[in-house]
There are 2 protein chains.
Amino acid sequence: MKNFIADLNKSFESRVRLGIMSILMVNDFVDFGTLKEQLQITDGNLASHINALEKLEYIQIRKQFVGKKPNTSYASSEEGKKAFTEHLIALEKLIKKSG
Amino acid sequence: MKNFIADLNKSFESRVRLGIMSILMVNDFVDFGTLKEQLQITDGNLASHINALEKLEYIQIRKQFVGKKPNTSYASSEEGKKAFTEHLIALEKLIKKSG
DNA sequence: TAATTTAACTTTGCAGCACAAAGTACTTTT
DNA sequence: AAAAGTACTTTGTGCTGCAAAGTTAAATTA
């Protein structure tokens, strides 16, 4: 039997990152405030996780104005979707193994 | 909608911990060497994760001799199984959401 | 019997991470 | 003019993961 945990992506270990990606898998361009509200975390914490995911090119950023207010939104990139999907597949295997 | 990542158990975030629990969910009393081989990690790393899980009372330890060699084995406790199952359920919800 | 090996750790040390809290810059609302 | 909102950045702390090396005690080999 091969080492099954090797297929899990280290970048998606944290709950917050899982949460962000999970939201961005099914919603195109979700803004900062919405993510913050959904995940119930502090500004700084969210910003740092977003930053990490962006450096990995798993998400992309769009800045615009809604009315006269600044609004920053995030979407998962193709690469991000691929990587996250692979991670979920590895998780599912693990779940099946445990069931 | 409620905060779905709150149901994820922080103790099971790491790949190694996921791996250990996953193995112990379906095997009763797996020994140190076997875990190490399956997970392909160093002695110290495995020992520290085991230690953490034991402090949480998620696993239990049995020390014995096999032939004349010392042999330490680990099994998941009822509480550990419960906690891990809940974690997996939370993960599955997240996976479904992302699908 | 001395040296090596095996099993299961413990210790050490470090870099990285999560997180909260506070600070910042700019704008809008009151 | 003051307060509030948006989206951060900075700071600081404490925890984690991990490798590598050291430890203990018994077993095997030379």
Side-chain angles (χ1 to χ4, degrees), chain A residues 3-24 27 29-56 58-75 87, chain B residues 3-24 27 29-56 58-75 87:
Chain A
N3 173 9
F4 59 98
I5 66 168
D7 293 333
L8 295 168
N9 188 330
K10 199 154 197 322
S11 309
F12 300 133
E13 273 190 19
S14 93
R15 296 180 332 296
V16 175
R17 303 258 249 284
L18 279 174
I20 293 171
M21 289 306 294
S22 168
I23 290 170
L24 297 185
N27 300 101
F29 288 106
V30 179
D31 66 32
F32 192 90
T34 303
L35 284 176
K36 193 184 137 190
E37 188 201 327
Q38 296 261 325
L39 300 171
Q40 313 214 106
I41 55 179
T42 56
D43 286 20
N45 195 9
L46 177 56
S48 76
H49 283 294
I50 283 174
N51 207 332
L53 291 172
E54 200 220 344
K55 267 181 192 148
L56 293 163
Y58 286 166
I59 65 177
Q60 60 190 100
I61 298 186
R62 185 185 64 190
K63 280 168 189 290
Q64 60 181 5
F65 278 80
V66 172
K68 302 223 171 146
K69 289 182 185 173
N71 183 276
T72 312
S73 289
Y74 310 91
H87 182 71
Chain B
N3 174 11
F4 60 98
I5 67 168
D7 293 333
L8 295 167
N9 188 329
K10 198 154 197 321
S11 311
F12 300 132
E13 272 190 19
S14 92
R15 294 180 328 301
V16 174
R17 303 257 250 282
L18 278 174
I20 293 171
M21 290 304 295
S22 168
I23 290 170
L24 297 185
N27 300 101
F29 288 106
V30 179
D31 66 30
F32 192 89
T34 304
L35 283 176
K36 192 184 137 186
E37 190 201 328
Q38 295 262 325
L39 300 171
Q40 312 212 109
I41 54 179
T42 56
D43 286 19
N45 195 9
L46 176 56
S48 76
H49 283 294
I50 282 174
N51 207 334
L53 291 172
E54 201 220 343
K55 267 182 192 147
L56 292 164
Y58 286 166
I59 65 178
Q60 60 190 99
I61 299 188
R62 185 185 65 190
K63 279 166 190 291
Q64 59 181 7
F65 278 80
V66 172
K68 302 220 173 148
K69 288 184 185 170
N71 182 275
T72 311
S73 290
Y74 311 90
H87 182 71

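In the text below, chain A, chain B and the rest are named by the order of the sequence lines, each starting its count at 1.
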Picking from D:dG17, C:dT10, D:dA7, which would you name as closest to the side chain of B:Ser14?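 Minimum distance to the B:Ser14 side chain belongs to D:dG17.
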Closest to side chain of A:Thr72, choosing from C:dA18, D:dC8, D:dC18: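 Selected nucleotide: D:dC8.
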Output the rounded distance in Å from [atom1] ([X]) to [atom2] ([N]).
X: B:Leu18; N: D:dT16; atom1: CG; atom2: C1'; answer: 15 Å
X: B:Ile61; N: C:dA7; atom1: CD1; atom2: C1'; answer: 14 Å
X: B:Leu39; N: D:dC18; atom1: CG; atom2: P; answer: 11 Å
X: B:Lys36; N: C:dA8; atom1: NZ; atom2: C1'; answer: 9 Å
X: B:Ile20; N: D:dC18; atom1: CD1; atom2: P; answer: 10 Å
X: B:Leu8; N: C:dA18; atom1: CG; atom2: P; answer: 15 Å
X: B:Leu53; N: D:dT16; atom1: CG; atom2: C1'; answer: 14 Å
X: B:Gln64; N: C:dA8; atom1: CD; atom2: C1'; answer: 14 Å

Using the closest heavy atom to pick a nucleotide of DNA chain C for each, name whichever of A:Gly44 or A:Lys69 lands nearer the 5' end.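 Closest to the 5' end, via its nearest nucleotide, is A:Gly44.
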Closest-nucleotide mapping onto DNA chain C: is A:Asp43 or A:Lys68 further toward the 5' terminus? I mean the 5' end.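 On the 5' side of the pair lies A:Asp43.
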[X] side chain near [N] phosphate (N/O to OP1/OP2, under 4.0 Å):
X: B:Lys63; N: C:dC9; value: yes
X: A:Asn45; N: C:dA20; value: yes
X: A:Arg17; N: C:dA18; value: yes
X: A:Arg15; N: C:dA18; value: no
X: A:His49; N: C:dC19; value: yes
X: B:Thr42; N: D:dA19; value: yes
X: A:Tyr74; N: D:dA7; value: no

Which is true for A:Asp31 with a 4.0 Å heavy-atom rule: it touches a base, it touches only sugar-phosphate, or it touches nothing?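 Counting heavy atoms under 4.0 Å across all strands, no contact is made by A:Asp31.
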Touch check for A:Ser48, heavy atoms < 4.0 angstrom, all strands: base, sugar-phosphate only, or nothing?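 It contacts nothing in the nucleic acid.
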Evaluate side chain to side chain contact (heavy atoms under 4.5 Å, CB included) for B:Glu54 paired with B:Gln60, printing each intermediate quantity in order. CA-CA 6 Å; B:Glu54 201 220 343; B:Gln60 60 190 99; over 6 Å; no
Crowding at CD, B:Glu37 (>12 non-hydrogen neighbours, <6.0 Å):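 It does not: B:Glu37 CD has 12 such atoms or fewer within range.
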B:Ile23 side chain near B:Leu39 side chain, heavy-atom distance below 4.5 Å: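 Yes, side chains in contact.
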Side chain to side chain, B:Met21 and B:Ile59, heavy atoms closer than 4.5 Å: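 Yes, side chains in contact.
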Taking atom CZ of B:Phe29 and atom CG of B:Asn27, what is their separation to the nearest 0.5 Å?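 So the CZ of B:Phe29 and the CG of B:Asn27 are separated by 12.0 Å.
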For B:Pro70 and for A:Asn71, find the nucleotide of DNA chain D with the closest heavy atom, then tell me which residue's nucleotide is more 5'.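 Looking at the nearest nucleotide for each, A:Asn71 comes out on the 5' side.
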Starting at the 5' end of DNA chain D, which residue's closest nucleotide do you reach first, A:Lys10 or A:Asn51?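 Here A:Asn51 is the residue nearer the 5' end.
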Return yes if a side-chain donor-acceptor contact under 3.5 Å exists between B:Ser48 and B:Asn51, otherwise no.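 No - no donor-acceptor pair under 3.5 Å links their side chains.
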